[in-house]
Amino acid sequence: MAVLDVVHYGDPILSRVCGPVVDFSNLHAIVNDMFDSMYEAEGIGLAANQVGFDMNLFIIDITHTEEIEETYIFVNSTIIDTNGSEELFQEGCLSLPGIALDVLRPEKVKLRYQTVDGQWCENEFDGLLARAIQHEMDHLNGLFIVDRVGEVERIKYQAELKALEKGSKDRIAAGSKKKGFVL
Ligand SMILES: [Zn+2]
């Protein structure tokens, strides 16, 4: 088991589009570490770049909040369509501690993705799962919940965002080459 540090707003890996997963041979180990890290941080979803991997990969576990018994791993995903009405729902983010914002998103999402074994799939998701998928897909495209709200909402958190940015800069300057394993 390896719990990886979740990187915060201001870290450059969270502000760019992640590259595709090409080599699937190592993926199970990475995904296991991601689950350990997500549970440790008490999140319901985690994108690979939030723990320092530049990969189109994210995981979701909402088994404790909805009547869904499986956990999800999505690789090389693309949103191919969204459906339903736009709904406001409060979202938090492991990379933006202390910030929660009402984000407007469509209620259904159709996703094309690969499984951890490389099988291509296409499925439509709704409810909390659809919301979590859109949140994680934003991460893989370099976007945060603060990019999904109006300027008035964003300004409320200006001090927190500045502090997070400074924290990330200091962390990088201190040179945590091992991406902060705490084991
Ligand atoms: Zn997030």
Side-chain angles (χ1 to χ4, degrees), residues 3-19 21 30-66 68 71-79 82 86-107 109 111 113 125-150 153-169 171-172 176 179-180 182:
V3 172
L4 310 167
D5 273 354
V6 175
V7 299
H8 292 159
Y9 182 87
D11 192 300
I13 198 162
L14 291 175
S15 297
R16 55 177 185 245
V17 178
C18 288
V21 172
I30 290 172
V31 165
N32 285 341
D33 286 354
M34 284 176 64
F35 272 105
D36 290 342
S37 309
M38 181 178 73
Y39 294 139
E40 182 72 19
E42 297 181 357
I44 62 167
L46 187 73
N49 54 342
Q50 289 184 278
V51 283
F53 298 115
D54 182 354
M55 292 178 167
N56 183 327
L57 163 68
F58 65 96
I59 58 169
I60 290 172
D61 182 347
I62 53 169
T63 53
H64 62 297
T65 53
E66 302 226 326
I68 292 174
T71 56
Y72 295 89
I73 303 160
F74 297 100
V75 186
N76 292 335
S77 307
T78 320
I79 292 175
T82 56
E86 299 254 328
E87 293 179 339
L88 267 181
F89 189 84
Q90 195 181 68
E91 296 181 26
C93 179
L94 296 176
S95 295
L96 290 169
I99 297 179
L101 289 164
D102 288 329
V103 182
L104 201 59
R105 299 194 193 270
E107 60 176 329
V109 62
L111 197 72
Y113 59 97
F125 301 94
D126 60 12
L128 183 58
L129 189 51
R131 177 153 296 259
I133 286 170
Q134 292 175 79
H135 181 112
E136 302 313 333
M137 284 302 291
D138 274 355
H139 276 307
L140 298 179
N141 287 304
L143 294 172
F144 293 90
I145 49 175
V146 287
D147 300 314
R148 290 281 180 198
V149 297
E153 284 296 295
R154 194 189 168 109
I155 278 169
K156 281 187 203 163
Y157 286 107
Q158 216 167 22
E160 284 87 346
L161 291 173
K162 279 223 171 84
L164 285 168
E165 230 163 12
K166 185 179 183 306
S168 292
K169 268 187 197 141
R171 184 176 168 276
I172 291 161
S176 55
K179 293 184 185 120
V182 288

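First listed ligand is number 1; within each ligand, the first listed atom is number 1. Hydrogens, waters and symmetry mates are skipped; everything else that's a heavy atom, side chains included, is used.
Aromatic pair Phe125/Phe74: ring centres closer than 6.0 Å.
Neighbours of the Zn ion (ligand 1) restricted to protein N, O or S atoms under 2.8 Å: the count is 3.
Just one of Leu140, Asn141, Asp54, Val17 meets the side-chain contact (heavy atoms from CB on, under 4.5 Å) condition when paired with Asn49; it is Leu140.
Side-chain atoms of Ser95 come within 3.5 Å of backbone atoms of Val7 as a donor-acceptor pair (strictly under, hydrogens ignored). Of the possible polar contacts, one joining the Arg131 side chain to the Val103 backbone as a donor-acceptor pair under 3.5 Å is found. Asp147 places a side-chain N or O within 3.5 Å of a backbone atom of Phe144 that can act as its donor or acceptor partner. Between the side chain of Thr71 and the backbone N or O of Asp61, no donor-acceptor pair lies under 3.5 Å.
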